[in-house]
Every structure is written in C-alpha cells, then in structure tokens.
Amino acid sequence: MDYTDYYKLTCSEIQKLYRENKASPEQVVDSYLKRIEAVDGKLNAFVKLNRESIDKQLKDLKEKKEKPLYGIPVVIKDNICVRDEETTCASAILKGFKPPYDAAVIERLREAGAILLGKANMDEFAFGSSCETSCYGPTKNPWDLDRIPGGSSGGSAAAVSADEACLGLGSDTGGSIRQPAALCGVVGLKPTYGRVSRYGLIAFASSLDQIGPITKDVRDAALLLNVIGGHDPRDSTSVNAPKPDYTKSLINDIKGLKVAVPKEYFVGGIDKEVSLYIGEAIKTLGSLGAKIGEVSLPHTDYAVSAYYIIAPAEASSNLARFDGVQYGLRSKAAKDSLLEMYNRTRAEGFGSEAKRRVILGTYVLSSGYYDAYYLKALKVRTKIKEDLEAVFKEYDCIVTPTSPTPAFKIGEKKEDPLSMYLSDIFTIPVNLAGIPAISVPCGFTKNGLPVGLQILGKPFDEETLFKAAYAYEQNTEWHKRRPSL
Amino acid sequence: MVSKDNNNKKSEIDVGYVAKLARLALTADEIKRLGKQLNDILGYIGKLNNVDTAKVQPTSHVLPLKNVERTDKVVPSLRIEETLKNAPLKENSFFKVPKVIE
Amino acid sequence: MNYETVIGLEVHVHLKTASKMFCGCSTKFGSPPNTQVCPICLGFPGVLPVINNKAFSLGIKTALALNCRIAEFTKFDRKHYFYPDLPKNFQISQYDKPFSHDGFLDIETAEAVKKIRLKRIHLEEDAGKLVHKEEDDYSLVDYNRAGIPLLEIVTEPDIGSPSEAYEFLVKLKNILEYLEVSNCNMEEGSLRCDANISVRPIGQSELGTKIELKNMNSFKAVRQGLEYEAERQTAVLKEGKKIEFQETRLWDSEQLVTYTMRSKEEAHDYRYFPEPDLPPVVPNAALIEEIRKTLPEMPKQRRERFIRDYALSGYDAQILTKEKKLADFFEACLKIFNKPKIVANWLMSDIAAALGSKGMSIGEVSFKPQDLAEILGMIESGAISGKMAKELLKESIDTGKRPAEIAKVKGLSQISDKSAISAALEKVLSMNQKAVSDYKTGKGTALTFLVGQVMKETKGKANPALVNELLKKRMGGA
C-alpha cells in the first residue's frame with residue numbers, strides 16, 4: 001500500500017503497520033492531512049486544523065512507541081477543551097477562546113500517543129441533530145452532500161466517515177454521537193454516564209452529557225474507550241469502577257445472548273427502509289444464536305418531552321457564564337452599561353437554536369413553573385429509567401433503530417424545531433437513564449444513505465455492547481463501505 | 001409576568017420576560033417567532049401530564065453516587081497571564097466591566 | 001400606639017480552610033488581585049467543582065455547636081443571577097436541603113436569657129470582589145475571593161431590638177472563634193451580616209413590611225443601621241402611613257443613614273435546581289459523632305468553670321472568656337503560676353491596658369503566658385516591686401523581649417540584701433533626727449516618711465517591706 005492511502009485504514013490496521021515497521025506516524029499524519037485538504041472543502045467537517053502543534057506532537061511521540069494510540073490521528077469535537085487551541089463549541093460567543101487546560105480525555109489521548117489533528121464542527125453548543133446550527137456553517141454528509149451528517153457531533157462523524165481522521169471524539173447528550181454515526185455510516189458509542197470524565201467538556205446538560213468514540217469499526221471504538229474511560233477525581237460524577245480491557249469483548253460469539261426488541265420503537269414515523277434494515281439486523285443477530293424477545297418500554301413516548309425540559313434547563317444554567325467578562329465575545333455595542341453588556345453580548349454571541357434553548361430552559365426553571373415542568377420531567381425520567389431496568393433484569397441488551405430516518409436534506413427541518421427534536425426519539429431514553437449504547441452501520445437505503453442499528457446495554461456493561469456489535473459487524477459488510485468523494 | 005396555567009389551558013410563554021431573566025436582547029421579530037415555536041414545543045411537552053408521577057421520586061442524578069469529596073489541599077493557581085489572556089477587557093491584573101452601580 | 005421591632009439576621013462566615021470550596025486555590029487573604037484563581041473558580045467552561053471535605057466538617061462542627069440538627073440528606077443547588085463578581089452567573093449554594101437546620105443560640109438581654117432560633121445553616125461559595133472608583137465609568141473585578149467556602153447562618157425573626165442583634169453577633173462570633181472555624185474578621189470580609197427588619201404595632205400578629213439592610217461593616221454598624229431603620233419605620237407608621245414595599249437599603253456609615261439601593265433589583269427569580277455536577281451528600285452518623293467529640297468547651301461552659309474552679313467573680317470570668325485566646329492565655333499562665341485571682345487581675349488591668357494602647361489582642365503579640373508567670377514570680381519572691389513589674393510588662397509587650405532579659409539590662413531588681421540597704425538607712429537616719437524622735441514619741445507618719453527617704457536614697461530599688469522592718473528594728477520599736 002502506498003503511504004498516501006494510509007488514511008483509509010482503521011486504527012488497528014495502522015497499529016499493525018507500525019508494529020511491522022512498515023509505516024511511520026509522519027507518513028500516516030501526512031496522508032490524513034492530504035486527505036483533509038482534498039475533501040474537507042466539500043464537507044466542512046473541520047473547524048480548525050492544529051497545523052502548528054502537529055509537528056510538535058510528532059516530535060514528542062518518540063518515546064511513546066508502546067503507547068496504546070501511538071501515532072493515531074484523532075479529530076476532537078469542538079466542545080472539548082484542548083490547551084491553547086481555540087475551543088468554541090461552534091459558537092460566536094466563544095470565538096478566540098483558548099483554554100489554559102486540557103480536558104481529561106485530551107490528557108489521556110496525549111499520554112496514549114494519539115495525534116490531535118484538529119477540532120470538528122458541531123451544532124452550536126451541541127444543540128441540534130443536524131450540524132446546521134454551527135457558526136462555521138453546516139457540515140455535509142459524505143454520502144450525499146445535500147444532506148446533513150446528523151448532529152451534534154456531525155463534524156466528527158463526517159470526518160471519520162470520509163477518512164479525514166482515524167478516530168473521532170464526540171459528545172452525546174441526547175444522541176449526539178449515535179445519530180450522526182448512524183447517518184454517516186460509522187460506529188458511535190455513548191458510554192455509561194460516569195464512565196468517561198467530563199472534565200474539560202464544555203457542558204450542555206451536565207446530567208446527560210458523556211464523551212465517546214466515533215470510529216470506523218467496533219474494534220477501534222473499544223481501543224479508544226480503553227484510553228479515554230476511567231475514573232477522574234476532577235469529575236465528581238465519574239465513577240471509580242474497574243475499567244476492563246474492552247478489546248477482550250471482541251469475540252465473534254453471541255450464542256445465548258438475550259436481546260430485547262421494544263415494540264414502542266417500531267410504530268409510526270419510522271422510515272420504511274430503516275425499519276426493513278433493523279428487521280434484517282435483528283434476524284442476523286438471531287441467526288448468530290442470540291435469543292430475541294419482544295418487550296415493552298411503556299414510557300418511551302414521553303422521553304422527548306422530559307428531555308426537552310431537563311436538557312434546556314441545564315443548558316440555560318451552563319450557558320449563563322457566557323457573558324463577555326472573562327473570555328469570549330463582548331459586544332462592542334455595550335460600553336457603558338452592565339445590563340447592555342450582558343444582553344447584547346449574549347444576543348450577538350448565541351445563534352437561534354441556542355437562544356431557543358436558553359429561553360425554554362430559563363422558562364421551565366422560573367418561579368411558578370419549576371414543579372410543573374422541571375420536577376415533573378425528573379419524575380418521568382425515573383419512570384423511563386425504571387422501564388429499562390425492568391427489561392435488563394431479563395435481557396442482556398436492547399436493539400432499536402438509532403434514528404427513525406436516514407439523513408435528511410440540509411435546511412429541511414431548520415425552521416421546525418419540534419420535528420428536529422423528534423429525530424432524537426430513539427436515542428434520548430439512553431441519556432435519561434444514563435446507560436451505554438452503541439450505533440453500528442446496518443444497511444444502506446436505495447439512495448445510498450446509511451442506516452444505524454442501536455444496541456443499548458446495562459450501566460457499565462459496555463462489554464456486552466462491544467460483543468454484540470462486534471459479532472454483528474463480523475458477519476456483515478456494511479462497515480466496510482466508504483463514501484466516494 | 002408569565003401567564004399562569006389555569007384550568008388546563010395551554011400556558012403561553014412570555015418570551016420577553018424570560019429573555020430579561022436570561023439576559024438576552026431579542027428583537028420583536030425574534031420574540032414573536034420564538035413565542036410560536038416554544039408554545040408548540042410546550043404543547044407537545046404537555047403530554048407529560050398523562051404520566052402519573054404521584055409516588056415517583058425525581059431523578060436528578062442518574063448514578064447512585066454520594067459523598068464525593070476532596071481533601072482540603074492547596075494546588076497552584078493559574079499564572080496571571082493565563083487568567084487574563086482570554087479577557088475581552090482588562091486593567092492591570094483585573095477584569096474590567098462597565099460600572100456596577102449599587 | 002407602641003411599636004415593636006422584628007429583626008432576623010443572615011450571617012455569612014468564611015470557613016477556615018486552606019483551599020476553596022470547590023477547587024484547590026488558596027483562601028489566603030490579601031494576595032494581589034486574580035492570583036488565587038483557577039479555571040474552576042473563574043467559571044471557565046468545561047471544568048467541574050469538587051466538594052472540599054474540610055469545609056463540610058467545619059460546617060457540621062459549627063452547626064453542632066449552635067444546637068442545629070444535621071440533615072440526613074443534603075445537596076447543592078445552583079442559584080442564578082447575573083453579576084460580574086459571580087463567575088458562572090450562578091452560585092453553588094444549598095436551597096431546599098441545607099445540611100443543617102433548627103438550632104438556637106441563647107443571648108443575655110438586660111432582663112433575661114433569650115433564645116434566638118436558627119432557621120438553617122448552609123454551605124455555599126463566595127463571590128469575587130468589585131472595585132470601583134467614584135470618578136471612573138467602569139468597575140474592576142478580582143476573583144481571589146470567589147469560591148471561598150461560606151457558611152450562611154439564618155436566624156428566625158426572633159431578635160427584638162438592635163442591641164439584641166448586637167448581642168447575638170458578639171455571642172456568635174465568640175462561639176465561632178472558640179470553634180476555630182473562621183477568622184471572623186469583618187474588615188477582611190470573613191464575617192458579614194445582612195439584616196431583615198420590620199416594625200409593627202405591639203399586639204399585631206402579622207409582620208410589617210420587611211426591609212433588607214446591607215452594607216454594615218462592623219457590629220456597631222449593624223446596631224446603628226438597625227436603630228436608624230427601626231426609628232425610620234416607626235416614624236412612618238406613626239404618621240399613619242405604611243412601609244409600601246419590600247426593598248433593600250444600604251447603610252451609609254459616614255452619613256449614618258440608610259438609603260435605597262440604586263441598582264434596580266428585579267423580582268428575585270433565582271431558578272434554583274439541583275447542581276448536576278455534584279452528587280448529594282449523606283452525612284455519615286459516625287463522622288458527625290466524631291466531630292461532636294472534637295467540639296471544644298464553649299464560652300458559656302468555660303465561664304462557669306472559671307467561676308467554679310478558680311473562684312473568680314462572674315464579671316471576671318465573663319471578661320476572661322470573651323476571647324478564646326485570652327482564656328487560653330489565662331489557663332496556660334496558671335499552669336506555671338497558680339494564683340488565679342492575681343493572674344486575672346493582671347490580665348484585666350495592666351495587660352488589657354497595654355494591649356489596648358497598641359490596638360491589638362493577646363494573640364497578636366509575642367508576650368506569652370510564661371512571661372506573665374515569670375513577672376508574677378519575681379514579684380512574689382521580692383525580686384522586683386509591683387511598680388517595676390508594670391514597667392517590665394509594658395516593655396515586654398511593646399518590644400517582644402523576655403521580661404527577665406529586660407530586667408537585667410535595665411537593672412530592674414529590688415535590693416533585698418540587708419547590708420546593701422543598711423548604708424542608705426544609716427545615712428537617712430543621721431540626716432533626719434527629728435523624724436526619728438517623732439517616731440519614738442509615737443508619731444506613726446514618721447516611719448512612712450523615713451521609708452520613703454530610704455527608697456529615694458536607693459533609687460526605688462530597695463524592697464520597701466524590708467526597709468520598713470529594718471527601720472523598726474533599728475529604732476527600737478514604737
């Protein structure tokens with residue numbers, strides 16, 4: 001293989017070349033940089049390339065040969081802080097902000113020898129399912145440039161799908177890793193809440209957010225979670241539990257695995273082709289020896305409602321700090337008045353979806369409405385969690401579509417926030433319950449758009465997800481398809 | 001003030017008032033558009049009232065964690081250059097803001 | 001018609017931790033602006049708070065000493081308002097589940113002991129500090145104070161007068177100092193007090209319109225501000241008018257008036273909700289008991305013990321226990337020089353005066369209990385006179401030098417050697433024959449005169465008791 005083609009490889013394939021001394025990190029990185037140069041103009045997946053720091057990272061790599069991600073190029077969602085590199089959440093309000101610290105996951109990536117290529121586009125502050133709300137303009141779906149890549153980690157998913165990065169980091173609050181992974185035909189994992197440190201992840205909804213891998217195959221996802229997972233005393237919600245070696249779960253054997261199919265996920269609104277491929281995928285799992293059973297998750301229909309109270313409420317609080325005092329934008333129109341400084345800075349700095357969520361979140365927490373909205377949503381959250389716990393008493397995992405539809409057209413839902421919100425209908429319950437879930441490619445529509453299969457697991461049982469996803473992947477070819485650009 | 005939800009009538013969000021609380025200068029157009037969109041969303045969200053939650057405990061933390069604390073140890077602070085390097089306006093070693101009137 | 005004043009206090013106290021409430025920055029006072037800050041206490045995006053366990057245990061210690069109940073379940077909440085001293089534009093505080101509640105503190109009024117109920121005590125983080133100069137059109141922000149652990153102590157409206165409020169604060173400060181949980185320094189802002197005050201006709205059950213009073217920088221200012229407000233509100237009511245609306249007023253300690261806060265305060269809508277970044281706290285019963293065991297003797301118990309064990313008067317015991325360090329000094333001194341009444345007298349008179357002239361307290365000077373014991377020992381052995389002791393004491397407190405050293409350098413020692421005195425004595429006798437004969441004819445004042453002359457002759461160094469004795473002997477009795 002010519003070194004200019006290295007960008008096509010998975011992480012484990014590149015590692016094999018390194019082990020055999022057939023490739024150098026310089027060659028691999030160079031191949032990726034050339035690929036980015038060739039295709040990112042069409043995709044807009046990157047908001048920033050770490051041009052200056054890449055050379056230094058390569059130089060510092062010398063002693064890290066034995067490290068788990070030695071010389072592997074990674075793209076980072078722009079809401080994860082990288083020391084001294086602009087980190088903006090794709091928002092005008094954070095333009096120019098250079099954090100004086102690395103996120104915990106970035107520290108771990110550096111320590112593991114990974115190369116940080118740059119920052120990926122996203123929906124502003126991760127508010128969205130289409131990557132259209134970015135202040136840098138929308139990212140395009142590599143399978144169809146007229147379509148959205150999904151969101152909010154659309155940049156990371158598009159970049160990995162289009163071979164612009166070997167591995168991607170995303171964050172998932174209501175589906176923001178899994179849905180774009182599904183829509184771009186790659187693997188996306190939302191770990192259990194508390195598995196990966198949130199330190200340095202610019203918060204959207206703190207009780208729901210989790211960082212996770214976006215990769216070309218299941219093995220790469222396991223390799224990446226091996227590095228970023230684990231306890232961090234700086235995040236009080238990160239759990240001090242043993243972290244297994246996830247690659248040990250990559251065995252092509254799911255005989256006897258108990259797989260639940262919730263009937264509520266297969267009614268109304270779901271695209272026919274999506275439905276077809278999910279049905280096929282379930283059959284495949286059954287043919288591999290898994291025991292399939294239908295279950296009910298009766299509160300599924302309320303998940304979106306609960307989520308669109310809890311998430312904006314927390315977001316309105318987390319975004320209060322963006323006021324033009326210590327960092328980021330300060331409106332020029334606000335010289336003399338403190339109130340104007342706040343009002344103008346935030347009006348100029350936030351895009352329309354951010355404003356919508358800040359208003360909604362502020363409203364549901366405001367005096368007289370807390371009980372009716374916020375408290376009610378927290379109680380429904382309990383019901384949704386209990387539904388899932390009941391199923392997991394009898395089953396090892398649950399399979400569902402990741403997204404009810406394949407990628408939609410850019411602009412299609414931009415002025416219809418409610419229908420946009422409903423596109424997260426299958427991914428949201430996972431975040432409300434804090435459980436892990438993975439999306440793997442399971443088909444392509446006749447228009448050539450990827451479809452994703454979502455597998456949900458018990459808290460801290462990512463191993464079962466890897467096992468099921470790996471077995472499925474080993475017995476299908478979907479993950480091998482790449483978009484032609 | 002915001003209108004109260006009476007007799008199960010759909011509550012109308014007073015975007016202007018909420019925007020003041022949230023420190024967002026919105027144009028009249030934005031207030032109108034957001035008002036409509038948010039009322040649609042709140043209308044949809046209203047279906048939560050169909051769930052009987054009388055005996056349900058709220059979930060604010062999804063994990064059963066408690067008493068996560070650190071020991072009282074001083075660690076080095078940021079260097080002043082790092083503290084101030086992102087500041088839109090500063091003076092000497094202070095952040096600078098429009099005058100605060102008490 | 002007669003009116004009564006109803007007062008409730010909100011006291012904020014910095015806890016004496018080394019690091020801040022949710023990050024590792026130092027809490028040291030007086031460092032250059034913005035040098036004790038980090039991404040966490042600056043509210044930078046992405047970083048997360050972690051609870052300081054010492055702040056929690058100091059909080060529990062205080063709550064136990066103030067007879068509060070410790071909650072079985074407590075959590076932190078976010079309280080939202082936009083202000084430049086608040087880095088995240090929300091404060092991590094405690095809303096509906098404070099870690100302690102329902103305590104009390106007894107104060108002594110002129111008539112009786114009065115119980116002031118404490119509604120709650122909760123933990124929160126402090127805000128930064130704004131600096132503004134009259135002539136400038138901007139303000140400057142220093143976040144060194146942001147994130148320092150703060151205890152908020154809220155009373156029920158049980159306080160009936162400004163002087164009761166003053167008494168409460170003195171008592172509370174006394175206890176906090178005994179507990180060693182806070183420096184309680186109002187000038188440094190480690191103790192702050194806001195008040196709610198209303199006035200109503202005596203006999204009326206519902207409360208009058210509440211005014212929140214802020215900006216009082218000393219206990220005296222609290223009393224003055226409340227006195228002013230009580231009078232102002234009573235005057236309004238006496239005119240048949242009403243206090244129209246709740247407002248916040250600020251105390252002007254120069255003009256001695258209160259005035260309406262200029263910045264328009266909108267209706268408080270703090271949008272509290274549980275802090276998602278911090279799991280709840282379930283105080284461990286064993287830990288609470290352990291803390292209870294470490295509670296030091298409280299001022300009241302100590303005062304009673306002083307009366308009982310050292311036979312001190314109630315007044316003396318009160319003075320000596322007002323400051324923990326003074327009481328500690330007293331008891332440390334007794335370990336070496338065990339005469340409680342004498343030690344107490346010196347502490348309350350000469351030492352108090354010497355400290356007062358320096359504007360310092362006993363803990364701030366290098367004068368140690370063993371120094372006082374040494375001086376008192378020297379008096380008792382006759383090595384120095386009482387007058388010399390006073391001189392020695394003052395100098396020791398002023399210069400920080402050890403008393404024995406000063407005495408040596410200045411030649412401050414009493415002549416108790418008979419032969420050394422006899423020369424002076426003979427000289428005085430030969431020069432004052434008339435006095436000698438007066439003495440012999442029974443004139444008592446003659447002896448006093450002669451003693452004085454001998455003292456003068458020895459430049460005050462002779463032991464007066466010894467001179468007296470020797471003179472009598474020499475003149476052959478009266």
Side-chain angles (χ1 to χ4, degrees), chain A residues 79-81 87 89 94 97 99-101 103-104 125 194 197-203 205-209 232-238 310 313-314 316-328 335-336 338-339 341-343 346 361-370 374-375 378, chain C residues 22-24 34 37-53 75-92 95-96 128 130 132 136-141 143 146 263-264 266-281:
Chain A
N79 59 352
I80 298 171
C81 289
T87 299
C89 291
L94 272 175
F97 173 63
Y101 44 92
F125 286 108
S197 171
R198 293 184 294 116
Y199 185 88
L201 168 68
I202 299 183
S206 316
S207 79
L208 302 162
D209 295 342
D232 176 10
R234 292 168 300 179
D235 174 2
S236 301
T237 64
S238 119
I310 296 167
E314 292 184 19
S316 73
S317 170
N318 286 326
L319 265 58
R321 73 188 69 205
F322 303 110
D323 62 1
V325 177
Q326 293 117 322
Y327 45 80
K335 280 210 179 73
D336 310 322
L338 187 67
L339 192 61
M341 176 190 76
Y342 289 137
N343 288 338
R346 292 164 61 79
T362 304
Y363 175 68
V364 298
L365 288 176
S366 66
S367 170
Y369 294 92
Y370 181 89
Y374 191 71
L375 192 61
L378 292 186
Chain C
F22 299 115
C23 68
N34 293 310
V37 292
C38 73
I40 297 168
C41 57
L42 283 170
F44 272 41
V47 293
L48 300 166
V50 186
I51 299 168
N52 182 336
N53 65 357
K75 66 183 172 73
F76 287 93
D77 300 275
R78 293 184 179 179
K79 176 184 183 179
H80 300 84
Y81 59 94
F82 282 82
Y83 212 65
D85 64 5
L86 198 59
K88 305 181 287 293
N89 288 320
F90 64 76
Q91 178 191 33
I92 305 179
Y95 180 49
D96 56 339
L130 292 165
H132 14 237
D136 295 332
D137 58 356
Y138 55 84
S139 298
L140 300 174
V141 203
Y143 291 108
S263 60
K264 258 208 222 104
E266 52 190 304
H268 293 307
D269 195 339
Y270 291 131
R271 288 159 284 134
Y272 282 102
F273 79 101
E275 168 58 271
D277 290 328
L278 296 172
V281 177

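Proteins come first, then strands; the chains are lettered A, B, ... in the order of their sequence lines, and each starts at number 1.
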Give the minimum heavy-atom separation between [X] and [Y], together with the two atoms involved.
X: C/G43; Y: A/Y327; answer: O-OH, 2.8 Å
X: C/V50; Y: A/P233; answer: CG2-O, 3.5 Å
X: A/C81; Y: C/P45; answer: SG-O, 3.8 Å

Going from CG on C/D277 to OH on A/Y199, what distance comes out if it is rounded to the nearest 0.5 angstrom?
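One finds 12.0 Å between CG of C/D277 and OH of A/Y199.
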
Under 4.5 Å from any heavy atom of chain C, what part of [X] do you find: side chain, backbone, both or neither?
X: A/T87; answer: neither
X: A/L375; answer: neither
X: A/Y370; answer: side chain

Option in C/C38, C/P49, C/P279, C/P276 with maximal non-hydrogen atom pairs under 4.5 Å from chain A
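Among the listed options, the one with the most contacts to chain A is C/P276.
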
For the interface with chain A, which of C/F90, C/F44, C/Y272 has the highest count of heavy-atom pairs at distances below 4.5 Å?
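The answer is C/F44.
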
If you measure only the distance, is there a donor-acceptor pair under 3.5 Å linking the side chains of A/S366 and C/R271?
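On atom types as modelled, these side chains do not qualify, holding no pair under 3.5 Å.
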
Tell me if the centroids of the rings in C/F273 and A/Y374 come within less than 6.0 Å of each other.
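Yes, ring centres under 6.0 Å apart.
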
Among A/L319, A/V325, A/D323, the one residue meeting side-chain contact (heavy atoms from CB on, under 4.5 Å) with C/N89
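One option only clears the test, and that one is A/D323.
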
Please tell me if the side chains of [X] and [Y] come closer than 4.5 Å, counting only heavy atoms from C-beta onward.
X: A/R321; Y: C/P87; answer: no
X: A/R198; Y: C/L48; answer: yes
X: C/Y270; Y: A/S367; answer: no
X: C/F82; Y: A/M341; answer: no

Could you have a look at A/G200, A/P99, A/S197, A/S207 and say which one has the most heavy-atom pairs with chain C under 4.5 angstrom?
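Top count of heavy-atom pairs under 4.5 Å with chain C: A/G200.
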
Verify side-chain contact (heavy atoms from CB on, under 4.5 Å) between A/N318 and C/R78, making sure each step is shown before the conclusion.
CA-CA 10 Å; A/N318 286 326; C/R78 293 184 179 179; 2.9 Å; yes

Determine, step by step, whether A/S236 and C/E275 satisfy the side-chain contact (heavy atoms from CB on, under 4.5 Å) criterion, reporting the C-alpha distance in whole Å, the side-chain angles of both residues, the deciding distance to 0.1 Å, and the verdict.
CA-CA 11 Å; A/S236 301; C/E275 168 58 271; over 6 Å; no

